Amino acid sequence: FLSITNATVQDMSKNWNSPVYSIGALPVRTFTADTVLPQLIGYSLDMNSNILILTFDESVNVSSLYIGGFTLSSSRVLSAQNWTLKSGYGSLYSNSKSLNQPVVTVNLGYIDSNRIKTLYPLATSNSTTYLSVVFGSVLDMVGNPVVAISSLQVSAFW
């Protein structure tokens with residue numbers, strides 16, 4: 001249903017619309033559900049502050065985040081140093097403005113951050129920081145699962 005206040009839009013003759021109050025709200029004629037899967041389009045890693053910032057192409061439901069679905073690698077080859085983030089070991093998610101946005105800040109836990117730092121050369125520069133994401137590791141606002149990514153190079157590294 002759609003309701004609007006007066007003076008929301010103008011027609012071609014510069015006339016403002018009349019209000020449509022909630023009691024007379026208009027039903028939708030056609031509804032198309034969101035079926036587009038969210039994608040991780042970039043990320044930043046700050047190993048001094050132990051923060052991983054994930055950027056998706058649409059808002060995601062942070063409460064659906066499964067941190068164990070994210071793995072850092074030192075390169076795209078199989079012999080690379082790898083670390084899968086651990087849920088339950090202090091890996092927390094937060095965002096100071098709102099929980100459900102396209103940008104999600106992950107505070108790496110003590111065990112994650114210390115283990116990453118021991119797996120040289122993992123996460124020591126832009127060229128040694130890649131992230132893999134398991135399908136469904138986070139959901140968008142209607143429950144569509146994130147697309148799997150095998151090896152995305154870091155966008156920014158500190």
Side-chain angles (χ1 to χ4, degrees), residues 1-5 8-9 22 25 27-28 30-158:
F1 290 91
L2 175 68
S3 60
I4 58 174
T5 61
T8 302
V9 294
S22 57
V28 66
T30 304
F31 174 78
T32 303
D34 175 9
T35 58
V36 177
L37 304 182
Q39 295 185 48
L40 180 69
I41 57 173
Y43 69 100
S44 303
L45 181 63
D46 182 342
M47 287 307 296
N48 294 312
S49 299
N50 302 319
I51 293 175
L52 174 66
I53 300 172
L54 305 169
T55 304
F56 297 91
D57 65 346
E58 64 175 288
S59 292
V60 294
N61 184 343
V62 177
S63 66
S64 72
L65 182 75
Y66 170 61
I67 200 67
F70 296 83
T71 299
L72 288 166
S73 300
S74 61
S75 76
R76 290 186 168 122
V77 298
L78 291 176
S79 61
Q81 292 284 4
N82 299 300
W83 181 254
T84 299
L85 299 178
K86 308 294 180 196
S87 59
Y89 289 103
S91 296
L92 306 173
Y93 46 85
S94 70
N95 190 308
S96 58
K97 293 182 182 178
S98 170
L99 289 179
N100 301 319
Q101 293 187 2
V103 179
V104 177
T105 302
V106 177
N107 299 307
L108 298 176
Y110 176 80
I111 297 217
D112 284 336
S113 60
N114 283 340
R115 185 66 176 138
I116 291 165
K117 291 173 184 176
T118 65
L119 294 173
Y120 184 83
L122 175 61
T124 56
S125 70
N126 283 27
S127 62
T128 62
T129 308
Y130 296 85
L131 186 66
S132 299
V133 180
V134 174
F135 178 81
S137 296
V138 67
L139 306 175
D140 71 8
M141 300 309 297
V142 296
N144 294 319
V146 71
V147 173
I149 294 178
S150 62
S151 185
L152 181 63
Q153 190 168 11
V154 70
S155 308
F157 181 86
W158 298 277

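None of the values given here were measured: they were computed from a predicted structure.
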Validation row: [X], [Y] side chains within 4.5 angstrom (heavy atoms):
X	Y	result
Val146	Val133	yes
Ile67	Lys86	no
Arg115	Asp112	no
Val138	Tyr66	no

### Message
With a 3.5 Å distance limit and no angle check, can you tell me whether Tyr43 reaches the backbone of Ser155 through a side-chain donor-acceptor pair?
### Response
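Not confirmed, Tyr43 side chain does not pair with Ser155 backbone.
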### Task
Taking Ser113 for its side chain and Gly109 for its backbone only, find out whether a donor-acceptor pair lies under 3.5 Å.
yes
Excluding sequence neighbours, so at least two apart, what forms side chain to side chain donor-acceptor pair (under 3.5 Å) with [X]?
X	value
Ser3	none
Thr32	none
Asn82	Ser73
Ser49	Asp46

Can you list, pair by pair, the side-chain donor-acceptor contacts under 3.5 Å of residues 51-61, counting residues two or more places apart and other chains?
from: Asp57; atom 1: OD1; to: Gln39; atom 2: N; distance (Å): 2.9
from: Asn61; atom 1: OD1; to: Ser63; atom 2: N; distance (Å): 3.1
from: Asn61; atom 1: OD1; to: Ser63; atom 2: OG; distance (Å): 2.6

### Query
For the side chain to side chain contact (heavy atoms under 4.5 Å, CB included) test, which of Val106, Val104, Leu139 pairs with Val62?
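The side chain to side chain contact (heavy atoms under 4.5 Å, CB included) with Val62 is passed solely by Val104 among Val106, Val104, Leu139.
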### Query
In Å, rounded to the nearest 0.5 Å, how long is the span from CZ of Phe70 to CG of Leu65?
5.0 Å
### Task
Kindly compute the distance separating CG (Leu45) from CG (Leu108), expressed to the nearest 0.5 Å.
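Atom-to-atom, Leu45:CG and Leu108:CG are 6.5 Å apart.
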### Task
Check the pair Leu40, Leu131 against side-chain contact (heavy atoms from CB on, under 4.5 Å), reporting the backbone distance first and the verdict last.
CA-CA 10 Å; Leu40 180 69; Leu131 186 66; 3.7 Å; yes
### Message
By the side-chain hydrogen bond (donor to acceptor under 3.5 Å, both in side chains) test, which pairs, at least two apart or in different chains, include something from residues 128-137?
### Response
Thr124-Thr128, Ser125-Thr128
Side chain to side chain contact (heavy atoms under 4.5 Å, CB included) involving [X] - partner list, sequence neighbours excluded:
X	value
Val142	Asp34, Asp140, Asn144
Leu122	Leu72, Ser74, Gln81, Trp83, Ile116, Leu119
Ala156	Ser44, Trp158

### Query
What are the two closest non-hydrogen atoms of Phe135 and Pro145, and how far apart are they?
CZ-CG, 3.2 Å
